[in-house]
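For reference, the structure is listed below as structure tokens.
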Amino acid sequence: MKHFFQKRRNKILNYMKDNSIAVIFCGNPIHKSADENYKFHPNYNFYYLTGLEEEKFILVLTKLNYKTQEYLFIEKNDEQLARWIGEKMSPDETQKISGIEKIMYLENFNSYIDALLNSKYENIYFNIENYNHEDKKNPDITYANKINKRYPHLKIHNLFYEINDLRIVKDEYEIDMTKKAIEITKNGIYEMMKNSKPDMMEYQIEAYFDFILKSNGVTEYAFPTIAASGKNGAILHYSSNNSKASDGDLILFDLGAKWNNYSADISRTFPVNGRFTQRQKDIYNVILDTMKEIENNAKPGITLGNLNELSKRLLADGCKKLGLIEDEKDLSKYYFHSIGHFLGLDTHDVGQRGKEFEPGMIITNEPGLYIPEENIGIRIEDDLLITENGCENLSKEIIKEIEDIENFMK
């Protein structure tokens, strides 16, 4: 696995100017209360380059006279603390995952970097999103400010967007991790569909999804699950999941597992009692037909903006036939989000909306209609891998045709 990370670092080293150093932080834990921290999440640009997700680790890349070096600074194990929270990752473990040979301890970081910067380096690179001099909790920003004061002759550069550009196009390993996340998500959705009954609470149906994920070794979700029945389905980011799902209601689920930090992002809407009404079918099919057309048009050279304009035209035509609107400009009453986003380490992954698709990019395809006056909210979402000539639907095995859903739920 480590060769993936080595190739990525080589691309960054090739991008860097000669006589340069790059310092990239994994991040620090965020304090919650008393002696407790929130669950730690690595900076995903750091993870992308190393495969490591240990708090406080620091990656250093150097390029001097076109000769490159890689260093990792890690926490030294504390035997007493290890009895409470476990041992720190060892130098050998760190090296095995990342492929980086030179491993040192954090206690030597400042003196080592000072020694480097007092030589012939002219440039220093950081990994900073939305640069803010007042954000004292961000180690990248804190250290960049320190270097700027101490070494004013150094030219400061930002690697954040360069790493993002690499992350947009997924390699074989990333695609495999996404497929695994989608497969587990599928099994969780099916477990909910099999056990859904009228008068269950939304969170009770959701619990079947949770059980499948935990049973498959998933330790983190792509995002908090949306479980929205009846009128709640018309609230885009409904998160309470605490209402009763009544007989005749649809229930909208937007959810996903994470696998090795890669996200699935799937939406399915199904009838709590296993049978759609005719009105529900009519609305559902407008969304499903739109979804199919978006999939047919997703290919290299197209942008998310192009697909969004297409989705709005198709949904507007459908809404006219449903008697919901008379003019296309009124669509926003029932459809008020975009058709999709990039998917990867972040669920809403890096990438500008105007960027033309290339093979290896993964996007979501998620049209929906939200009709509160009818207690109906429907969204269907798949994850698409852009290929040389079109796209591959990575979640096509998760049923979404009305007949298939009703037969499955009998």
**Complete:** For T178 and S263 the tightest heavy-atom approach is CG2-O, 3.8 Å
**Prompt:** Does the side chain of S111 pick up a donor-acceptor pair with the side chain of N108 at under 3.5 Å?
**Reply:** no
**Asked** Would the number of heavy atoms belonging to other residues, nucleotides or ligands and lying under 6.0 Å from CD of E87 be above 12?
**Response** no
**Message:** Looking only at the side chains, is there a donor atom on one of N375 and D249 sitting less than 3.5 Å from an acceptor on the other?
**Reply:** no
**Request:** Report, as yes or no, whether the 6.0 Å neighbourhood of atom CD on E107 holds more than 12 heavy atoms from other residues, nucleotides or ligands.
**Result:** yes
**Asked** Would E406 and R275 pass as an ion pair if we require N to O under 4.0 Å?
**Response** yes
**Side-chain H-bond candidate by donor/acceptor type, S338 with R353, under 3.5 Å** = yes
**Prompt:** Quick one: are the ring centres of F109 and Y143 less than 6.0 Å apart?
**Reply:** yes
**Prompt:** Under 6.0 Å from the CG atom of N389, do we count more than 12 heavy atoms belonging to anything else shown?
**Reply:** no
**Request:** Classify the side-chain pair H337/Y370 by whether it contains a donor and acceptor separated by less than 3.5 Å.
**Result:** yes
**Asked** For N232 and S243, does a side-chain donor sit closer than 3.5 Å to a side-chain acceptor?
**Response** yes
**Nearest non-hydrogen partners of K56 and P29, listed with the distance** = CE-CD, 4.3 Å
**Request:** Report the C-alpha distance between Y334 and E373 in whole Å, list the side-chain angles of each, state the deciding distance to 0.1 Å, and finish with yes or no for side-chain hydrogen bond (donor to acceptor under 3.5 Å, both in side chains).
**Result:** CA-CA 11 Å; Y334 300 108; E373 63 267 28; 2.6 Å; yes
**Item:** Within-4.5 Å side-chain heavy-atom neighbours: I378 and L369
**Value:** no
**Prompt:** Under 3.5 Å, is there a donor-acceptor pair between the Y161 and N127 side chains?
**Reply:** no
**Request:** Tell me yes or no: between the side chains of N393 and E295, is some donor less than 3.5 Å from an acceptor?
**Result:** yes
**Message:** Ignoring hydrogens, what is the shortest heavy-atom contact between F253 and A227? Give both atom names and the distance.
**Reply:** CE2-CB, 3.3 Å
**Message:** Can you tell whether the side chains of E183 and K186 come within less than 4.0 Å, N to carboxylate O?
**Reply:** yes
**Request:** Using a strict cut-off of less than 4.0 Å between a Lys/Arg side-chain nitrogen and an Asp/Glu carboxylate oxygen, indicate whether D254 and R379 qualify as a salt bridge.
**Result:** yes
**Message:** Counting neighbours of CD1 on I30 that are heavy atoms of other residues, nucleotides or ligands and sit closer than 6.0 Å, is the number greater than 12?
**Reply:** no
**Prompt:** Just checking, is any N or O donor in the side chain of N365 or D382 under 3.5 Å from an acceptor N or O on the other one?
**Reply:** no
**Request:** Would you mind telling me which of K102, R9, K63 makes a salt bridge (Lys or Arg N to Asp or Glu O under 4.0 Å) with E70?
**Result:** R9
**Item:** Check: K17 main-chain N/O paired with Y125 side-chain donor or acceptor under 3.5 Å
**Value:** yes
**Prompt:** Going by distance alone, is a donor N or O of one side chain under 3.5 Å from an acceptor N or O of the other, for Q6 and N10?
**Reply:** no
**Prompt:** If you draw a 6.0 Å radius around CZ in F336, do more than 12 non-hydrogen atoms from other residues or ligands fall strictly inside?
**Reply:** yes
**Prompt:** So, D349 and R167, do they make that salt bridge, N to O below 4.0 Å?
**Reply:** yes
**Prompt:** Ion pair present between K7 and D171, side-chain N to carboxylate O less than 4.0 angstrom?
**Reply:** no
**Message:** Using ring centroids (six-membered ring only for Trp), state whether Y112 and Y71 fall under 6.0 Å.
**Reply:** yes
**Asked** What about the rings of Y190 and F408, do their centers lie closer together than 6.0 Å?
**Response** yes
**Fill in**
salt bridge (charged side-chain N to carboxylate O under 4.0 Å, His left out) pairs touching residues 194-215, sequence neighbours excluded, are E191-K194
**Message:** Does atom NZ (K320) have a neighbourhood of more than 12 heavy atoms from anything else shown, all under 6.0 Å?
**Reply:** yes
**Item:** Pair F73 + Y105: ring centers closer than 6.0 Å
**Value:** no
**Item:** H41 side chain to E220 side chain, donor-acceptor N/O pair below 3.5 angstrom
**Value:** yes
**Request:** Count the heavy atoms belonging to other residues, nucleotides or ligands that lie under 6.0 Å from NZ of K281, then report whether that count exceeds 12.
**Result:** yes
**Request:** Decide whether E93 and S90 meet the rule of one side-chain donor and one side-chain acceptor closer than 3.5 Å.
**Result:** yes
**Request:** Please indicate whether N242 has more than 12 foreign heavy atoms, meaning atoms of other residues, nucleotides or ligands, lying under 6.0 Å from its CG.
**Result:** yes
**Prompt:** Which pair of non-hydrogen atoms, one from I128 and one from N158, has the smallest distance, and what is that distance?
**Reply:** O-ND2, 2.7 Å
**Message:** If you compare all heavy atoms of P300 against all heavy atoms of T387, which two are closest, and at what distance to 0.1 Å?
**Reply:** CG-O, 3.0 Å
